[in-house]
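Working notes, structure below.
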Amino acid sequence: MEAFFKKAINQFAQNLPFVIYKKPNSNTISGLFQQNDSLFEATDFTEKGFVFASFDGSKTFLIPENQSETISTVFQKKEIVVSRNESNSPNELAKKNFVNLVAKGIQAIGNNEFKKVVLSRKETLELADFDLISVFENLVQLYPTTFVYCFYHPKVGIWLGATPEQLLKAKDKEFLTIALAGTQKDAGSTEVVWPKKEQEEQQFVTDYIVEKLKNVASEMVVSKPYSLKAGSIWHIKTDISGTLNSSSSLREVALLLHPTPAVCGFPKDKSKAFILENENYDRSFYTGFLGELNIEEQTDLFVNLRCMEIEDSQAHLFMGCGITKDSVPEKEWEESCNKSVTMKKVLDCRF
Ligand SMILES: C=C(O[C@H]1C=CC=C(C(=O)O)[C@@H]1O)C(=O)O
């Protein structure tokens, strides 16, 4: 692992793009180390490499495989100590703004503008000291069931995250995606009981995705919903797999799914328009997607959740909540605080 991280440190010191990542429940950490600082884009998704796309669809950057050195290492588990006091310092203005935003979303749902919208916020922390590789290692150690990454490009910035949401996995014409919704804080038990509201909300998401995929796929198999733990929170997840029609392309399917109801809402166009008009900040790459594009003939893309952008001596954290007609603004604020702990923890722990 040491030589691998040394490579990443050197690459960063030379201002050269790289991405290091670990897939959920895998023992391998992989890296693509680009040998120049050009900014490439994926256009038709026949490219090979690591893709990093923004929420609004305006940027789909790529670290191309054929311009990079690819290296991997075996992940070694270590004990780490989290020293952060998990209570969040209350920021009354941020809370007021978010509560008002959620209330506006609920009102729009009441007016039948859409059925669900995912509303988010950005929180900025001052960093006393920051070490890219230590923070990546903390992510890897703390969140083994998620897709963990650190992406750097001198013309894009530094992003790190640990996301529980798969956007699309595809090989030849076979694909897998998921429907993710519902959040509750871990109370230490593996027997998670979900209120009816969350179960119904997640079922809506599954039905919506299946309906959309019928346009491009056949032979779909939909699993039963089950609980998924990501850090110290739980979600409800359903696996949806199938075969793409011969006339459907990878790009078409990825763009059909993105942005998913877990990060945007449904219907997609109306909820997206509401987000862009009302959130009052640029999500940038948060709730975009990222991952392997046609590497070893396989595509493995994830939604960029539970992530942060590092800029100078600051960390920008991003958190969002699925809003339905039954949402309570104050509770959604608390949920966003719980989600922020995923990144706050890794900024403050040691081996
Ligand atoms: C948008 C986020 O989470 C989504 C994923 C799972 C459950 C969610 C929820 O319960 O609201 C969100 O839709 C985020 O963490 O920023």
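Counting convention: from 1, in listed order, for ligands and their atoms alike.
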* Members sharing I178's hydrophobic cluster (side chains within less than 4.5 Å) -> L180, L228
* Structure fact -> Residues with a heavy atom under 4.0 Å from ligand 1, by chain and number, are V118, L180, G182, T183, H235, A262, Y286, L305, R306, M319, G320, C321, G322, E335, K339
* Structure fact -> From the list K48, Q298, K23, side-chain hydrogen bond (donor to acceptor under 3.5 Å, both in side chains) with E292 holds only for K23
* Backbone N/O of S120 and side chain of E279: donor-acceptor pair under 3.5 Å -> yes
* Do E201 and K116 meet the salt-bridge criterion of a basic N to acidic O distance under 4.0 Å? -> yes
* Asked: Do you see a donor-acceptor pair shorter than 3.5 Å between the side chains of Q67 and N36?
  -> yes
* Have T146 and R306 got a donor and an acceptor in their side chains that come within less than 3.5 Å? -> no
